[in-house]
Amino acid sequence: MAIFCTIYYVLNYAKTIPQIMKLIRTKSSSDYSISMIVLQLISMFSWSIYIFTSPQNLVVYIGTVLDLLILIITDILIFRYYKYR
């Protein structure tokens, strides 16, 4: 079952690469929803708390930490380039 978890994490990271590249290239994030970003952070922090308070496979721990780091990096770029109207 760890293979499915690994596939999930690899594909999940791969989907964020174009988003990060767009943010760096255009230096614009006004088309992102702040509500969506806040909900993503809340859900990821909730997921992380759940994972680290229950016994899991090492792949899940590593994947969750990497997932959280990528989300934080993406959100930092979004907030950095966000133009409030």
Side-chain angles (χ1 to χ4, degrees):
M1 291 316 255
I3 189 70
F4 293 112
C5 187
T6 304
I7 290 169
Y8 163 77
Y9 282 120
V10 168
L11 293 176
N12 196 38
Y13 304 146
K15 76 176 173 111
T16 60
I17 292 171
Q19 185 178 21
I20 291 172
M21 296 307 295
K22 176 203 171 271
L23 286 166
I24 292 171
R25 189 179 69 250
T26 64
K27 296 190 180 353
S28 173
S29 65
S30 298
D31 54 345
Y32 288 88
S33 165
I34 297 299
S35 301
M36 179 208 61
I37 295 164
V38 170
L39 288 174
Q40 280 181 327
L41 282 172
I42 292 170
S43 67
M44 192 62 218
F45 282 123
S46 298
W47 174 254
S48 299
I49 291 168
Y50 168 73
I51 290 301
F52 288 106
T53 56
S54 61
Q56 300 291 332
N57 188 323
L58 181 62
V59 171
V60 176
Y61 290 129
I62 293 169
T64 299
V65 168
L66 290 174
D67 210 9
L68 189 58
L69 287 174
I70 289 173
L71 181 64
I72 289 171
I73 289 168
T74 305
D75 290 347
I76 287 171
L77 289 171
I78 288 171
F79 283 120
R80 180 176 179 200
Y81 297 127
Y82 195 81
K83 306 254 189 300
Y84 297 98
R85 295 173 198 193

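These figures come from a predicted structure and were not determined experimentally.
A distance of 11.5 Å separates CD1 of Ile34 from CG of Leu39, quoted to the nearest 0.5 Å. Rounding to the nearest 0.5 Å places OG of Ser54 at 12.0 Å from CD1 of Ile49. To the nearest 0.5 Å, atoms CD1 (Ile37) and OH (Tyr32) are separated by 8.0 Å. Rounding to the nearest 0.5 Å gives a distance of 8.0 Å between OH of Tyr13 and OH of Tyr8. Once rounded to the nearest 0.5 Å, the distance linking CG of Leu71 with OG of Ser43 reads 7.5 Å. Between the CG atom of Leu77 and the OH atom of Tyr82 there is a distance of 15.5 Å, given to the nearest 0.5 Å.
Heavy-atom neighbours of Met21 CE from other residues, nucleotides or ligands within 6.0 Å: at or below the threshold of 12.
Connection of Ile62 to Val10 is not established within any shared hydrophobic cluster, with ILVMFWY side chains joined at heavy-atom distances below 4.5 Å, either directly or through further cluster members. Hydrophobic clustering (ILVMFWY, side-chain heavy atoms < 4.5 Å, transitive): Leu69 and Ile17 are in distinct clusters.
Annotation for Tyr81 and Ser29: closest pair C-OG, 3.3 Å, computed over non-hydrogen atoms. Heavy-atom minimum distance, Met44 versus Thr64: CE-O, 3.7 Å. When every heavy atom of Ile51 is checked against every heavy atom of Gln56, the shortest pair comes out as O-CG, 3.6 Å.
Every residue two or more places apart in sequence or in another chain that forms a ring pair (Phe, Tyr, Trp, His ring centres under 6.0 Å) with Tyr50 is listed here: Trp47. Under the rule for a side-chain contact (heavy atoms from CB on, under 4.5 Å), the partners of Ile7 that lie at least two apart in sequence or sit in another chain are Ile3, Leu11. Partners of Phe45 under the ring pair (Phe, Tyr, Trp, His ring centres under 6.0 Å) rule, at least two apart in sequence or in another chain, do not exist in this structure.
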> Hey, mind stepping through Val59 and Phe4 against side chain to side chain contact (heavy atoms under 4.5 Å, CB included) and telling me if it holds?
Replying inline: CA-CA 10 Å; Val59 171; Phe4 293 112; over 6 Å; no
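Only one option out of Ile72, Thr74, Ile78 pairs with Ile76 in a side-chain contact (heavy atoms from CB on, under 4.5 Å); it is Ile72.
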